[in-house]
Amino acid sequence: MIDNKKVLFSGMQATGELTLGNYLGALKNWVTLCDEYECFYSVVDMHSITVRQDPAELRKRARNLLTLYIAAGLDPEKNCLYYQSHVSAHAELAWILNCYAYMGELNRMTQFKDKAAKHTENINTGLYTYPVLMAADILLYQADVVPVGKDQMQHLELCRDVAQRFNGIYGDVFTIPEGYLGKVGAKIMSLQDPERKMSKSDENANASIYLMDDPDTIMRKCKRAVTDSLGCVSYGEEQPGIRNLLDIYCACNGKSTEEAVKEFDGKGYGEFKMAVGESVVTVLKPIQERFTQLSTDKAYIDQIIKNNAEKANYYAQKTLRKVQKKVGFPERIR
Ligand code: TYM
């Protein structure tokens, strides 16, 4: 608890262009939840280097991502928006937690298996212990709730297990966090292969809608989205493409699936896809405009980065000191 409010933590990697999946699965919920909780939203640049990055590009993307957090509606005066690499306690706690996480647990992580298969030339130890750093992120702020997309739930379970193990040995050190999944949009699928999730790293640009795509591109991608030959808009298992478009549509405009299915009863896929595209444009346009405007104000963004890193450090250090004491590190002499 901070000032009688429960704590929320979440983060995003500054790798690749952000997709509509990142927005509907995470960022959009962050904005909805931000008044209720004391929030920490990190740009997790330390996670990003588990895959090779161009340094200048990473720096630029990290700044753009932080700016995008604000453009999407997170008030930087109320929410702590910061770079993970500016708070060294993340790395320090991750080391300690590494000594409490089992290899057997990490071996089960599907994201590690996927990424290892994709980057066979660079299966580094950071990629393997990635979920432990993620646990450190969350536990440092004693987070009660962690809003993420479905793909991160396995990592969150691991975080809970490690925290419970640690608490079992040393007493109630960590708050055990709960995952938060949005009602709709927790897993947005690729527009070209609706059996796979929409991903920043997809090589096919038509598979994902990027947050910075212009309206024409969004409409074109929706029109080209893979569907089926059944010819009716319904939410059935056998229509993964249509189901995904319905999820996107409903997540963008707040309608229920039943309402949407009714709305397109008897209508063709062409008309439905146009409506999906328009709903996405309506959501993204104001964010893009605000992003462009904010990007010109260097001094403002710099100030936010500085102030929020101080705030994050303050809370992170509190937990880290407590943990260091528990595991038996010698006290500092002041
Ligand atoms: P990342 O950067 O891959 O994704 C950021 C957020 O977007 C969600 N997401 C999706 N949601 C719905 N549909 C999709 N197709 C989709 N693709 C991505 C993710 O679930 C995530 O919530 N390891 C994390 C970042 C992280 C983190 C943390 C998150 C590091 N530390 C601590 C929460 C708490 C990641 O790589 O997310």
Side-chain angles (χ1 to χ4, degrees), residues 7-31 33 39-51 53 58 61-62 65-66 68-69 72 82-85 87 90-91 93-94 97 109-112 114-115 126-127 129-160 162-163 177-202 207-211 240 243-244 247-248 251-252 312 316:
V7 177
L8 179 157
F9 182 93
S10 202
M12 256 186 219
Q13 292 203 64
T15 9
E17 295 274 327
L18 238 59
T19 71
L20 187 65
N22 296 125
Y23 179 71
L24 297 178
L27 193 49
K28 185 168 174 282
N29 296 328
W30 297 4
V31 177
L33 294 168
C39 300
F40 294 84
Y41 294 115
S42 187
V43 171
V44 293
D45 46 359
M46 287 162 64
H47 279 91
S48 293
I49 63 163
T50 52
V51 173
Q53 302 292 333
L58 178 60
R61 285 193 193 282
L65 183 53
L66 195 129
L68 195 66
Y69 284 1
Y82 73 99
Y83 295 134
Q84 186 186 29
S85 62
V87 181
H90 286 259
L93 182 62
L97 296 181
M109 297 293 117
T110 55
Q111 192 163 308
F112 170 70
D114 290 348
K115 286 198 177 170
L127 196 61
T129 58
Y130 179 116
V132 182
L133 177 58
M134 194 166 148
D137 300 341
I138 297 166
L139 301 177
L140 262 185
Y141 300 94
Q142 305 286 1
D144 297 278
V145 66
V146 183
V148 283
K150 245 185 208 154
D151 62 329
Q152 295 300 320
M153 287 310 266
Q154 194 187 29
H155 289 164
L156 193 69
E157 275 309 313
L158 179 91
C159 168
R160 288 165 54 88
V162 172
E178 298 282 344
Y180 176 97
L181 286 179
K183 282 195 190 67
V184 46
K187 192 165 188 191
I188 299 296
M189 310 308 278
S190 154
L191 297 182
Q192 291 299 312
D193 177 0
E195 303 290 346
R196 282 183 20 216
K197 78 162 186 176
M198 185 180 283
S199 160
K200 287 181 254 195
S201 55
D202 203 312
S208 310
I209 293 174
Y210 300 112
L211 289 203
R243 220 174 50 225
N244 188 39
D247 279 345
I248 293 176
C252 283

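For ligands, and for the atoms within them, numbers begin at 1 and follow the listed sequence. In what follows, every heavy atom counts, from backbone to side chain, and hydrogens, waters and symmetry copies are set aside.
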Is there a polar contact between ligand 1 and [X], counting only N or O atoms under 3.5 Å apart?
X: Asp137; answer: yes
X: Val148; answer: no
X: Val44; answer: no
X: His155; answer: no
X: Gln13; answer: yes
X: Lys200; answer: yes
X: Asn22; answer: yes
X: Pro147; answer: no

Enter the distance from [X]:[atom1] to [Y]:[atom2] here, rounded to the nearest 0.5 Å.
X: Glu17; Y: Asn22; atom1: CD; atom2: CG; result: 11.0 Å
X: Leu97; Y: Leu93; atom1: CG; atom2: CG; result: 4.0 Å
X: Ser190; Y: Asn244; atom1: OG; atom2: CG; result: 8.0 Å
X: Lys197; Y: Asp202; atom1: NZ; atom2: CG; result: 10.5 Å
X: His47; Y: Met12; atom1: NE2; atom2: CE; result: 13.5 Å

Exercise. For Asp193, enumerate each residue passing the salt bridge (Lys or Arg N to Asp or Glu O under 4.0 Å) test, keeping only those at least two apart in sequence or located in another chain.
Key: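 Testing Asp193 for salt bridge (Lys or Arg N to Asp or Glu O under 4.0 Å), a comparison that skips the adjacent residues, returns Arg196.
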
Practice problem: Output yes when a side-chain donor or acceptor of Tyr41 lies under 3.5 Å from a complementary backbone atom of Trp30, and no otherwise. | Solution: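 Pair found, side chain donor or acceptor close to backbone of Trp30.
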
Starting from [atom], what is the nearest protein heavy atom, named by residue and atom, and what distance separates them?
atom: atom 26 (C) of ligand 1; value: Gly11 O, 3.9 Å
atom: atom 37 (O) of ligand 1; value: Gln152 NE2, 3.8 Å
atom: atom 15 (N) of ligand 1; value: Ile188 O, 2.7 Å
atom: atom 20 (O) of ligand 1; value: Asp151 OD1, 2.4 Å
atom: atom 36 (O) of ligand 1; value: Tyr130 OH, 2.7 Å
atom: atom 5 (C) of ligand 1; value: Met12 CG, 3.1 Å
atom: atom 22 (O) of ligand 1; value: Gly149 N, 3.1 Å
atom: atom 28 (C) of ligand 1; value: Met134 CG, 3.3 Å

Practice problem: Can you see which heavy atom on Gly11 is nearest to which on Tyr69, and at what distance? | Solution: C-OH, 4.1 Å

Quiz item: Nearest heavy-atom pair of Pro147 and Ser10: which atoms, and what distance?
Solution: O-OG, 2.8 Å

Answer yes or no: is there a side-chain heavy-atom contact under 4.5 Å between [X] and [Y]?
X: Leu181; Y: Lys150; answer: yes
X: Ile188; Y: Met198; answer: yes
X: Thr15; Y: Val51; answer: no
X: Ser199; Y: Thr19; answer: no
X: Val87; Y: Tyr141; answer: yes

Within the 4.0 Å heavy-atom shell around [X], which atoms of ligand 1 are there?
X: Val146; result: 33 (C), 34 (C)
X: Phe9; result: 32 (C), 34 (C)
X: Ala26; result: 6 (C), 7 (O), 22 (O)
X: Lys187; result: 12 (C), 13 (N)
X: Ile138; result: 32 (C), 34 (C)
X: Ala186; result: 11 (N), 12 (C), 13 (N)
X: His47; result: 30 (C), 31 (N)
X: Gly25; result: 11 (N), 12 (C)

Practice problem: Check if Gly185 has a non-hydrogen atom at a distance under 4.0 Å from any atom of ligand 1. | Solution: yes

Quiz prompt | Closest to atom 14 (C) of ligand 1 among Ala14, Ala136, Ala251, Gly21 (heavy-atom distance) | solution = Gly21

Which atom pairs, donor and acceptor, lie under 3.5 Å between side-chain atoms of residues 130-139 and protein residues at least two apart or in another chain?
{"residue": "Tyr130", "atom": "OH", "partner": "Gln13", "partner atom": "NE2", "Å": "2.8"}
{"residue": "Asp137", "atom": "OD1", "partner": "Gln84", "partner atom": "NE2", "Å": "3.0"}
{"residue": "Asp137", "atom": "OD1", "partner": "His90", "partner atom": "ND1", "Å": "2.8"}
{"residue": "Asp137", "atom": "OD2", "partner": "Gln84", "partner atom": "NE2", "Å": "3.4"}

